[in-house]
Amino acid sequence: MDNMTPDLLQNANVLTEELVWLREVINARLALYFHHETSYQSIDDVTMPDISSCTGAYATFLKKHEMNKAERLVLILALAPHLSPGVLDILTSKNKDYERRFSEFGGLFMEGHAGLIPTAETAMFILAGDDISKRINYRYLFRTDHLFHRMRIIHLQVRDKEAPRLSGTWMVAHEYVDYLVSGEPYEVGYSEHFPAVRITTRMEWQDMILTRRTLKGLQEIRDWAQHGDKVLNDLGLGRRLKPGYKSLFYGPPGTGKTMAAALLGKITHTPVYKVDLSLVVSKYIGEREKNLDRVFDMA
């Protein structure tokens, strides 16, 4: 705790309060669902933590995207396995009539993790119980046009393509865990799914010895990386120009291709990765494209 910055400490406090709120909501939902005695008439009666004056990555993220109560609830649910798996233990209880878990609770178990992994069905049960009208009302949270899916904040991954969509796992993507917990960007490591290593350089822009034509081309790439958003959005050219900038560096070894790429990343504050093509190329039709898609998705 002594090494924590004020922002990290406040972020930890916000996350703790969100998890306490989640636990209380789950308890209220179960009490209402099984008609147990409770002071709550609805899960909406459980007081949501006030983050209006809070700083830190998590509170800032919630406020930036103006998340409503339902969105906040399912987001902290998706983060719970990473922070406090025990919060979900109560949902692992068995239905004594059938000697198996309550199917309406959703959730599944994964090898290497002792706790319950929530599914979208878990999120829907907590929000709506067995109220069909509410379940229909909350379906917007799981659509592909919602923020969670568009920004790939949560991976709604269905193991079997024929299974109901709400049976998919409901967890915050690894890319967002570090950011939401500590405010630090996630840096993917080398693996068979991401066969790439990050490259950097100590050189500076003026260290490059290139022809005027080549240097001009690199400057265009640099300028686009730095000002492309302004050109597309502020100048209103987004309808005519495609986003992004594709480049092909070619030439024999030692001509500065890797150095140029690393310098472009350095000057634009953008990570640069070198892909191991031996783990991407495949003899099967379409596999190479899929492998490259996966690399770019993770990047």
Side-chain angles (χ1 to χ4, degrees), residues 10-54 56 58-59 61-63 65-98 100-109 115-143 146-148 153-154 156 164-172 180:
Q10 180 156 121
N11 204 49
N13 291 335
V14 168
L15 288 168
T16 299
E17 290 182 5
E18 293 283 293
L19 288 165
V20 170
W21 173 49
L22 172 65
R23 186 190 296 273
E24 189 62 26
V25 168
I26 292 175
N27 289 336
R29 168 56 67 206
L30 292 173
L32 292 166
Y33 185 73
F34 291 114
H35 306 290
H36 294 163
E37 185 177 347
T38 177
S39 59
Y40 298 117
Q41 299 298 314
S42 163
I43 64 167
D44 290 331
D45 296 336
V46 183
T47 303
M48 182 174 65
D50 180 12
I51 61 166
S52 57
S53 61
C54 296
Y58 197 77
F61 185 82
L62 296 180
K63 289 187 283 189
H65 296 290
E66 300 178 340
M67 291 198 176
N68 60 34
K69 181 180 286 188
E71 289 169 332
R72 278 179 60 176
L73 189 60
V74 297
L75 179 60
I76 193 62
L77 170 69
L79 197 55
H82 297 283
L83 291 177
S84 183
V87 170
L88 306 179
D89 282 352
I90 193 171
L91 295 174
T92 64
S93 56
K94 282 188 176 182
N95 184 334
K96 294 181 180 179
D97 293 337
Y98 302 103
R100 61 177 175 81
R101 289 186 56 249
F102 288 90
S103 57
E104 54 266 51
F105 294 176
L108 48 83
F109 295 93
L116 182 75
I117 299 297
T119 59
E121 183 58 56
T122 310
M124 184 66 88
F125 171 76
I126 293 172
L127 288 171
D130 59 355
D131 188 318
I132 298 299
S133 61
K134 287 185 178 179
R135 291 176 69 90
I136 293 174
N137 182 56
Y138 285 123
R139 288 191 71 84
Y140 75 93
L141 294 166
F142 311 103
R143 292 204 306 251
H146 190 273
L147 172 76
F148 290 145
I153 299 168
I154 293 176
L156 179 53
R165 190 159 185 266
L166 294 186
S167 67
T169 54
W170 186 257
M171 275 205 304
V172 170
L180 293 175

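- In this structure, the separation between CZ on Arg29 and OH on Tyr40 is 13.0 Å, given to the nearest 0.5 Å.
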Let's go through Val25 and Met48 carefully: what are the C-alpha distance in whole Å and the side-chain angles of both, what is the deciding distance for side chain to side chain contact (heavy atoms under 4.5 Å, CB included) to 0.1 Å, and is it a yes or a no? CA-CA 9 Å; Val25 168; Met48 182 174 65; over 6 Å; no
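- Annotation: side chain of Phe148 is in contact with side chain of Val74 (closest heavy-atom distance under 4.5 Å).
- Proximity of Leu62 to Glu18: side-chain heavy atoms (C-beta onward) are separated by under 4.5 Å at one or more points.
- When ring centroids are compared, Phe61 and His65 come within the 6.0 Å threshold.
- Using a 4.5 Å heavy-atom threshold, the side chains of Asp50 and Glu17 count as separate.
- Between Ile117 and Pro81, the closest heavy-atom pair is CD1-CB, 4.3 Å.
- Nearest heavy-atom pair across Met171 and Pro118 is CG-CD, 4.4 Å.
- Judged by the 6.0 Å and 45° rule, Arg100 forms a cation-pi pair with Tyr98.
- Side chain of Thr16 to backbone of Ala12: a donor-acceptor contact under 3.5 angstrom is found.
- The distance from the CD1 atom of Ile26 to the CG atom of Leu88 is 5.5 Å, given to the nearest 0.5 Å.
- Between Leu83 atom CG and Ile76 atom CD1 the span is 6.0 Å, to the nearest 0.5 Å.
- Residues Leu108 and Ser167 share a closest heavy-atom pair of CD2-O, 4.2 Å.
- The nearest pair of heavy atoms linking Lys63 to Ile51 is NZ-O, 3.4 Å.
- Nearest heavy-atom pair, Leu77 versus Leu22, reported as atom, atom and distance to 0.1 Å: CA-CD2, 3.8 Å.
- Heavy-atom contacts from other residues, nucleotides or ligands closer than 6.0 Å to CZ of Arg135 number more than 12.
- Between the side chain of Thr119 and the main chain of Gly106, no donor-acceptor pair closer than 3.5 Å is present.
- The shortest side-chain heavy-atom distance between Pro49 and Arg72 falls under the 4.5 Å cut-off.
- To the nearest 0.5 Å, atoms NE2 (His146) and CD1 (Ile153) are separated by 8.5 Å.
- Looking at Asp89, its side chain never comes within 3.5 Å of a backbone N or O of Leu116 through a donor-acceptor pair.
- Residues that satisfy the ring pair (Phe, Tyr, Trp, His ring centres under 6.0 Å) test with Phe34, not counting sequence neighbours, are His36, Phe102.
- For Phe109, there are no ring pair (Phe, Tyr, Trp, His ring centres under 6.0 Å) partners two or more places apart in sequence or in a different chain.
- Taking the six-membered ring for Trp and thresholds of 30 and 60 degrees, Phe105 and Phe125 have ring planes inclined between 30 and 60 degrees apart.
- Annotation: the span from Asn68 atom CG to Glu71 atom CD amounts to 4.0 Å, rounded to 0.5 Å.
- Taking both residues in full, the closest heavy atoms of Met124 and Phe142 are given as CE-CE1, 3.5 Å, listed atom of the first, atom of the second, then distance.
- In this structure, CD in Glu104 is found 10.5 Å from CG in Leu91, a value given to the nearest 0.5 Å.
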